[in-house]
Each structure stands twice: as C-alpha cells, then as structure tokens.
Amino acid sequence: MNDQRVIIEMGMGNDLHGMDYQKAAARAIEDAIRHSTLPIFQSIGLDHSAMRVQVTVGVQDPDKIDPTALAQKLPRGRATVTAVKGGMNVPNPETGDTAVVATAAIEAFLPSQASNWKQS
C-alpha cells in the first residue's frame, strides 16, 4: 500500500552564540511541529504508529547533525531525519560569533485511502 502525504510544515530555528547546528536543527523541528495538529487520529481512531514522518533539515554543515537523535525527539509516528546543506550562517564581525540558522520541513504520510474514496 502506498503512503499519501497528509501534511507538510516548515520551521526555522537558530543558535545565536554557540554555533551549534544540532541545537538550531532541533529548534527548527520544534518550530514546525508547533504549527500543526493532527485531529485525524482521534477522529477516525487511527494509531499514531501508522504515520510515517519524514524530516529534512537544512544547515550549512550537515555533517554536524545527528539525525537519529533528532528523530527520537519527534512525538509521533515512525520518523526519519535527513540533513542537507541549507540554512544560513550569519557572522558577527564585532564579536566573532556566528549565528546558525536551520530550516526544517516535516512531512507526515499515512497509508493510502484512495481506494476507499473511489465511487463505484
């Protein structure tokens, strides 16, 4: 059975002083999650484990991301996280700090119900 994407949310997070890509990515994911709710689970009695969650996080140095640790923090579904080059580093020449900006896209998929929607 194929999955159907039922939601996509975007988020942004940053670490202003520590240049911590993991912290910025976690904040981007949290930001995206705060933009949505999925009442479908209570409405139709579907278990959260039926949902597949695919997260893409963009930062300037994707090798500094631990995708497994980020996936474990997601509250629902079977999650995978992929880190890609993206986001932004914003250097502050006055202090030498670099602010790290991460972006996240969270996609949620449920088993296809298309056959149930077709009319005879």
Side-chain angles (χ1 to χ4, degrees):
M1 187 179 292
N2 294 332
D3 288 346
Q4 290 178 298
R5 184 171 62 184
V6 295
I7 190 169
I8 183 168
E9 289 291 345
M10 311 298 177
M12 188 274 299
N14 57 57
D15 181 41
L16 297 177
H17 301 291
M19 207 168 170
D20 187 330
Y21 290 95
Q22 187 78 9
K23 184 186 292 185
R27 289 175 175 172
I29 292 169
E30 291 167 8
D31 181 51
I33 289 172
R34 288 187 179 109
H35 292 246
S36 65
T37 184
L38 297 172
I40 190 171
F41 292 101
Q42 292 84 13
S43 298
I44 65 172
L46 187 63
D47 188 85
H48 288 114
S49 65
M51 181 173 59
R52 180 172 60 88
V53 180
Q54 182 175 307
V55 180
T56 304
V57 177
V59 294
Q60 285 292 296
D61 193 347
D63 292 337
K64 292 189 177 174
I65 296 295
D66 179 351
T68 303
L70 292 173
Q72 290 172 347
K73 291 184 176 187
L74 289 158
R76 305 272 190 272
R78 301 177 325 273
T80 59
V81 175
T82 303
V84 299
K85 185 155 176 78
M88 177 182 348
N89 286 349
V90 183
N92 182 341
E94 294 174 7
T95 65
D97 280 343
T98 299
V100 171
V101 180
T103 56
I106 300 178
E107 299 172 88
F109 298 83
L110 291 176
S112 177
Q113 298 295 309
S115 61
N116 295 339
W117 298 335
K118 293 180 183 175
Q119 295 183 352
S120 308

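What you see is a predicted model; the values in this text were computed from it and never measured. Below, all heavy atoms of this structure are taken into account, side chains as well, without hydrogens, waters or symmetry copies.
Between N14 and V100 there is no side-chain heavy-atom pair separated by less than 4.5 Å. When side chains are defined from C-beta on, P75 counts as touching I33, because their heavy atoms get closer than 4.5 Å. Within the 4.5 Å cutoff, no side-chain heavy atoms of E107 are placed close to those of I7. Two residues are said to be in side-chain contact when any heavy atoms from C-beta on lie closer than 4.5 Å; Q54 and F109 meet this criterion. Side-chain contact between I29 and L74 is present, with heavy atoms from C-beta onward closer than 4.5 Å.
Scanning all heavy atoms of the two residues, the minimum distance from P62 to V84 falls at CG-C, 3.4 Å. Across all non-hydrogen atoms, the minimal contact from A32 to E9 is O-CB, 3.7 Å. Nearest approach of L70 to A25, heavy atoms of both residues: CD1-CB, 3.9 Å. When every heavy atom of Q22 is checked against every heavy atom of A69, the shortest pair comes out as NE2-CB, 3.9 Å. The heavy-atom pair separating A28 from A102 by the smallest distance is CB-O, 3.6 Å.
Side-chain heavy atoms closer than 4.5 Å link hydrophobic residues (I, L, V, M, F, W, Y) into clusters, and following such links, even through other members, never connects V59 to V90. Taking hydrophobic clusters as Ile, Leu, Val, Met, Phe, Trp and Tyr residues chained together by side-chain heavy-atom distances below 4.5 Å, V55 does not share a cluster with V101.
Around atom CE of M19, more than 12 heavy atoms belonging to other residues, nucleotides or ligands sit under 6.0 Å away.
Rounded to the nearest 0.5 angstrom, D3 CG and M51 CE are separated by 11.5 Å. One distance of note links CD1 of I106 with CG of D31; it measures 9.0 Å at 0.5 Å rounding.
Without hydrogens or angle criteria, R78 side chain to S49 main chain gives a donor-acceptor distance under 3.5 Å. Under the 3.5 Å distance criterion, the side-chain polar atoms of D15 are matched with a main-chain donor or acceptor of D20.
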Requested in this report: For the pair V57 and V81, evaluate side chain to side chain contact (heavy atoms under 4.5 Å, CB included) and give the outcome as yes or no after the intermediate values.
Outcome: CA-CA 7 Å; V57 177; V81 175; 4.1 Å; yes
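Here side-chain hydrogen bond (donor to acceptor under 3.5 Å, both in side chains) pairs that include residues 59-75, with residues two or more places apart or in two chains, are Q60-K85.
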